[in-house]
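What's counted below: heavy atoms across the whole structure, side chains too, no hydrogens, waters or symmetry copies. In this text, all values refer to a predicted model and were calculated from it rather than measured experimentally.
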Amino acid sequence: MPAPEKSWAATALFTDLITGLWTTLRYTFKPNVTVRYPLERSVLHPNFRGILRVDDDLCIACFLCEKICPDNCIVLEGEKGLGKGSKYATYFYLDHARCLFCGLCEEVCPVDAIYHSNEFEGAVFNRADLVHDLAILHKGHAIVHYER
Amino acid sequence: MNNTWLSDYVIIPLILILAILAIFPLLVGYIVYVERKVLAFIQSRLGPMRVGPYGLLQPIADALKLLTKEDIAPRNADVFVFKIAPIILLVIGFTGLAFLPMGEGFELFGYDVSLSIVDVNVGVLFLLAIMSLSTYSLVLGGWASNSKYPLLGALRSAAQMVSYEVALTFTILATLLLAGTLSMSGIIDAQREAGLWYIFVQPVGFVLFIIAMVAETNRLPFDLPEADTELVAGYFTEYSGFRWSFFMLGEYAAMVVMSGLLVTLYLGGWMRPFPNVELLSFLDFIPGFTWFVLKVGFFIYFFIWLRGTYPRYRYDQLMGLGWKVFIPVSIANLFITALAIIVMDSVFG
């Protein structure tokens, strides 16, 4: 795209430079958009993809989440319970260090057992703690609300 | 008046010098704070907020941090020159402050106190000479670091400051023709007698001065010698701790001095707006120092405002602008001013 034609007078009077200054002056007095995170928390979108949780009462150990996961971060095993259609997960490991929070597992799950919570403060001191087993996935990771 | 030689030339200047030495570093800290805040507001951010209410203690925290940092000189650096370079810039900056007439004189304990520390009759000339010395500091610092980015920054600063100094001097000359004096307070008096600020007589000179001033103090959009994105930090890449802070102090002192010079030359120094209009004489109770601070403060804000608005110029654009536009325009401005003065003199006697 060619540069717009500027008249000689516009160059001499710095019209473009003054337009720039005017823009920044307006923005100086606009409300800021940053949130002082530990002191105030921003409102999360309902579709926010936070730390994964699994409701093991619902899980039917169909392996769809394990298959679709692009990072292979889910490992699970299931066994048949009593009666028809009562398969359940015996163990379920989810490695949040590998997870890219794409939401494919949540999308593919036929019984909505695996889902993204809206928690994001999952930092730990030990990488092994990022591998969540069924108990943690069920009741949720211990959340530390940072304050300073 | 019981002014004596001793009080005029030793005691009162000494007190003023100590006051400036004590206040100015803190002031620079708060200029940096304002700069960070204004830049943040321009970008819809908050700026420093954590140290003290609204981050007001941030400059003190920064200063403490800088003072406790290790003083490093790179291996193979020319240590003596490396260590002396920031001091040169700091001394130049503070010396420049001494020449600014910051307010009208007043009487204190029976002594006449003048608010310009030294009021020599060649003040403008001396100030220009002092300010152009600051190139030495940048070149020496950049060269002595024995590192490629400082060297590039030093070369750029030398070329840039030399080329913009020419335009700056021609611009100032036009004002000096009008004032007929080189003394800073003399220029203010001339504006009072003329009854108007020289900005109304020299609008072109005013604009030229502002732009050349930005280039001269190495501020954005002409901060080629520092150019964070290209040269890390330019000539002071290798500096740390308080030597680095000397460079910052010197840079901000230069900003204040240049703003003060601009205010003196074009905006009537410490005089209130429209000093000869009787209607505004109710403003007379405000001391001249306040007007000076307000005017200089505006231009400090203007420096920050420019930094928040414009991208950096390319080096050839900078040089082209300096030599092909500024110098011809400033010479033309000088000629027209001189011609106008001759014509006015011969017509009106």
Crowding at CZ, A:Phe120 (>12 non-hydrogen neighbours, <6.0 Å)
yes
Atom OH of A:Tyr93: over 12 foreign heavy atoms under 6.0 Å:
no
Around atom CZ of A:Arg127, are there more than 12 heavy atoms of other residues, nucleotides or ligands at under 6.0 Å?
no
Side chain, backbone, both or neither of B:Val325 within contact of chain A (heavy atoms, under 4.5 Å):
neither
Over 12 foreign heavy atoms within 6.0 Å of CD, A:Glu77:
yes
The single option from A:Thr28, A:Val33, A:Thr34 that satisfies side chain to side chain contact (heavy atoms under 4.5 Å, CB included) with B:Ser44 is A:Val33
Counting neighbours of CZ on B:Phe24 that are heavy atoms of other residues, nucleotides or ligands and sit closer than 6.0 Å, is the number greater than 12?
yes
Are there more than 12 heavy atoms of other residues, nucleotides or ligands under 6.0 Å from atom OH of B:Tyr54?
no
Does the side chain of A:Leu17 reach to within under 4.5 Å of the side chain of B:Thr309, using non-hydrogen atoms?
no
Nearest non-hydrogen partners of B:Tyr310 and A:Leu21, listed with the distance:
OH-CG, 3.2 Å
Which heavy atom of B:Met49 sits nearest a heavy atom of A:Arg36, and at what distance?
O-NH2, 3.5 Å
Distance-minimising heavy-atom pair for B:Arg45 and A:Asn32
O-CB, 3.5 Å
Between B:Trp305 and A:Thr24, which heavy-atom pair has the shortest distance, and what is it?
NE1-OG1, 3.1 Å
